[in-house]
Amino acid sequence: MWVDVAFNLPLREPLTYRVEGEVPVGVRVRAPVRGRVLTGYVVGVRGNPPSGVAPEDLKPVEKVLDEEPLFDGRVLSLAQWVSSYYLCGLGEALSAMIPGGRVQREAPVPYDEPAAYRRHRLSPAQREAVEAVLSCTHPMFYLWGVTGSGKTEVYLTVAEHMLERGKGVLYLVPEIALTRQVVETIRARFGQDVAVLHSRLTASQRLAEWRRIVRGEVRFVIGARSAVFAPIGDLGLIVLDEEHESSYKSGATPRYHARQVAMHRARTEGALLLMGSATPSLEAYHLMHTGRLPFFHLPERVAGGEPPRIEIVSLKDHPGPLSKPLLREIERTKKEGKQTILFLNRRGFAHYVGCRACGFEMTCRHCSLPLTYHRAEEVMVCHYCGYRTRPIDVCPSCGSVDVRYSGPGTEQVEKQLRETFPFYRIARLDTDTARKKGVLERVLEEMESGQVDVLLGTQMIAKGFNFPRLGLVGVVLADTGLHMPDFRAAERVFSLLVQVAGRAGRFMPGGRVVIQTYLPDHPGIVCAREHDLRRFYEEELEVRKETLFPPFSRLVRLVFRGRDERKVERDAGGFASLLSADLPEGVELLGPAPCPMERIAGNYRYHLFLRSSSLAPMHGLLARTLPLFRPSSGVHLEVDVDPVQVV
DNA sequence: AGCACGCCGACT
DNA sequence: GTCGGCGTGCTC
Ligand SMILES: [Zn+2]
Ligand SMILES: [Zn+2]
């Protein structure tokens with residue numbers, strides 16, 4: 001017989017091979033492609049050789065790797081949908097979906113929150129929510145509720161109902177939230193018939209979990225982004241917790257978004273997609289408020305508690321890194337016998353090193369980005385490519401000694417803290433300090449038992465506020481990212497602040513939140529202080545409407561990158577003219593232009609955008625033009641449908 | 001993606 | 001005269 005095999009290559013069509021005996025669709029095989037032997041997926045079997053290729057040209061499969069198929073027709077048609085929606089090869093789609101098809105990057109280790117989850121009786125609001133979800137006839141439903149409003153209990157109760165009806169359940173959480181605690185909670189409630197698809201498992205462990213799902217041994221799957229492809233049969237429910245999280249978007253081809261894939265699965269497999277967040281994405285909010293997404297608002301915390309008082313401190317009036325008002329709050333908190341958490345999403349000492357006399361800036365030699373000064377190691381580091389070089393105290397351009405180190409990072413804030421409060425116990429958690437195994441756990445333990453007065457950290461500590469003596473949360477700089485030409489920057493800042501305030505309110509009743517910023521009038525910051533979500537969403541929607549960005553349009557981003565800037569620019573321009581020659585009605589072509597981060601790790605980057613009110617004409621255009629275009633040697637083209645990252 | 005083929009510039 | 005760059009085609 002003959003088999004059609006899809007490889008992890010940007011090929012349009014599968015290749016056909018000869019094979020001895022019966023081989024089913026869904027197994028992996030090793031087969032020769034142009035001299036080298038690659039692993040591919042059998043996506044079709046045939047009794048006769050295909051027409052168009054001479055039968056004697058068909059090579060034999062070298063080895064059949066699986067006895068049992070890894071996927072069925074349903075998974076295959078999902079792969080076909082991914083390949084046409086995200087414009088990649090079928091084999092590339094399958095490789096992203098099935099464990100072992102890709103070398104996955106080690107994910108950051110999330111830590112467990114100490115407090116165990118206990119099963120509660122449903123509050124009246126939760127009961128109402130469950131009923132609304134279960135009576136929903138639409139394929140999607142949104143649960144909008146602050147941290148601590150009991151969304152998890154609603155998800156799990158709905159899941160229970162689905163399992164009782166014999167339906168499969170897929171439970172998606174952001175990678176960072178996939179803690180042992182969460183998994184144990186689920187296992188405690190649903191028994192051992194739960195599969196976990198973790199990116200920190202080894203490839204073979206993940207494949208073993210995948211096989212258990214294929215065989216129908218488990219009916220409940222929990223996992224992060226890529227678990228959205230889990231081959232659960234008779235799917236009844238997909239939970240997408242923290243819907244707004246950008247980690248649901250893949251950073252490699254195919255650049256799929258778990259929310260988009262989940263929507264497609266819900267529609268085609270007759271399941272319900274239940275999303276939830278305290279801060280819905282603007283896309284979700286827009287759908288809800290135009291009647292296209294039924295939702296339920298969980299209005300308050302199950303355990304009661306007031307939202308925390310939020311104070312905004314302008315760094316223009318009160319110089320930092322830690323302003324006088326914030327330092328006073330830290331001191332007061334300590335005097336009350338309580339603890340402080342400080343956030344700053346920048347590690348290192350200074351993020352900008354430059355000359356005051358001539359304006360020279362110390363940038364990476366491989367990237368168009370400033371280098372960060374790391375004081376402990378006495379070195380300048382590029383956070384994008386890892387390039388390291390020696391710090392300067394004399395300007396290499398003009399010889400002046402007036403060299404300025406600005407843009408404080410966690411190292412510098414730690415220094416200021418220790419100088420201001422020499423007797424406080426201060427701990428810092430960022431990738432630099434937590435690199436050593438066990439440090440993270442130890443520091444969090446010390447924090448919990450009250451041996452730390454001030455905990456300073458990056459994103460790493462954003463999820464955990466569950467410390468009994470916590471009295472103050474400080475955001476050292478709220479405006480990170482707001483200077484970038486990124487239409488989602490405001491949304492991200494707002495979302496982060498509301499999430500921080502929400503967790504502070506949940507775990508720190510009567511506590512205080514201080515937000516430092518250079519932009520005290522920024523709507524994202526003002527609305528977060530006022531707890532006025534509606535106003536932020538409405539104002540931001542107005543901005544998106546005027547500028548015609550999502551949710552008022554759909555985007556496709558095309559990024560060209562390579563070492564030779566002239567070739568990159570030429571290819572971007574060449575493809576742009578190919579597109580504009582065939583541009584359908586209602587599709588706009590923006591660019592080409594250098595990306596805001598125009599050089600990373602030695603690669604120059606240019607991008608162009610297609611914009612339209614719907615994806616269909618852009619899909620059509622790209623399906624026609626991409627096969628006609630081939631980047632020059634040394635230039636790579638990446639297609640990003642519904643981009644999240646635009647710099 | 002990666003690898004072979006083949007065509008033109010510059011270097012022993 | 002050849003070496004090697006890269007644009008082009010193709011992979012069962
Ligand atoms: Zn760099
Ligand atoms: Zn200078």
Side-chain angles (χ1 to χ4, degrees), chain A residues 1-65 76 79-80 82-83 86-98 100-105 250-256 558-578 601-605 622 624-640:
Chain A
M1 69 188 290
W2 291 266
V3 287
D4 296 331
V5 181
F7 295 94
N8 187 12
L9 298 174
L11 293 176
R12 321 247 91 238
E13 301 292 329
L15 305 175
T16 307
Y17 293 85
R18 232 168 346 102
V19 70
E20 297 299 320
E22 294 280 306
V23 173
V25 166
V27 301
R28 291 168 305 163
V29 294
R30 301 277 296 165
V33 182
R34 269 281 183 158
R36 59 211 170 110
V37 177
L38 303 175
T39 301
Y41 300 94
V42 174
V43 295
V45 293
R46 41 173 97 226
N48 299 299
S51 56
V53 191
E56 60 272 20
D57 288 345
L58 298 180
K59 295 177 184 168
V61 155
E62 202 147 283
K63 194 177 179 192
V64 178
L65 296 177
L76 184 55
Q80 258 140 4
V82 168
S83 119
Y86 290 105
L87 298 154
C88 68
L90 180 60
E92 290 177 302
L94 284 165
S95 300
M97 292 166 64
I98 298 165
R102 273 247 205 316
V103 259
Q104 273 188 239
R105 192 179 54 84
S250 167
T253 305
R255 296 175 160 267
Y256 66 90
L558 298 131
V559 182
F560 298 78
R561 70 180 154 83
R563 319 240 120 186
D564 184 339
E565 181 171 19
R566 287 180 48 221
K567 284 209 277 185
V568 173
E569 187 181 8
R570 175 159 47 84
D571 280 12
F575 193 60
S577 42
L578 206 59
N603 286 306
Y604 289 91
R605 304 163 76 243
L622 288 167
R624 284 193 302 276
T625 47
L626 281 172
L628 303 176
F629 180 77
R630 171 140 182 214
S632 313
S633 62
V635 179
H636 298 264
L637 166 58
E638 284 202 54
V639 183
D640 193 348

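Because only heavy atoms are used, hydrogens play no part in the values below, and waters and symmetry mates are left out as well, while side chains stay in. Note on naming: letters A, B, ... go to the chains in the order of the sequence lines (proteins, then strands), and numbering restarts at 1 for each one.
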Distance-only polar pair, side chains of A/Thr39 and A/Arg30, donor-acceptor under 3.5 Å: yes

Base-pair map of DNA chain B as dot-bracket, where | denotes pairing with a different strand and pairs are Watson-Crick or G-U under 3.5 Å: |||||||||||.

Nearest heavy atoms of A/Arg570 and A/Ser632, plus distance in Å: NH1-OG, 3.8 Å

Closest contact, heavy atoms only, A/Ala6 versus A/Val43: CB-CG1, 3.9 Å

Protein-to-nucleotide contact annotation, 5' to 3' order, nucleotides 4-12 of chain C [B base; S sugar-phosphate only; - none; under 4.0 Å, heavy atom]: --SSBBBBB

Flag if over 12 foreign heavy atoms under 6.0 Å of CD, A/Glu56: yes

For A/Ala31 against A/Phe7, the heavy-atom pair lying closest together: CB-CZ, 4.0 Å

Parallel, tilted or perpendicular, as decided by the 30° and 60° cut-offs, for the rings of A/Tyr256 and A/Tyr86: perpendicular

Heavy-atom pair of closest approach, residues A/Asn603 and A/Arg605: O-CG, 3.6 Å

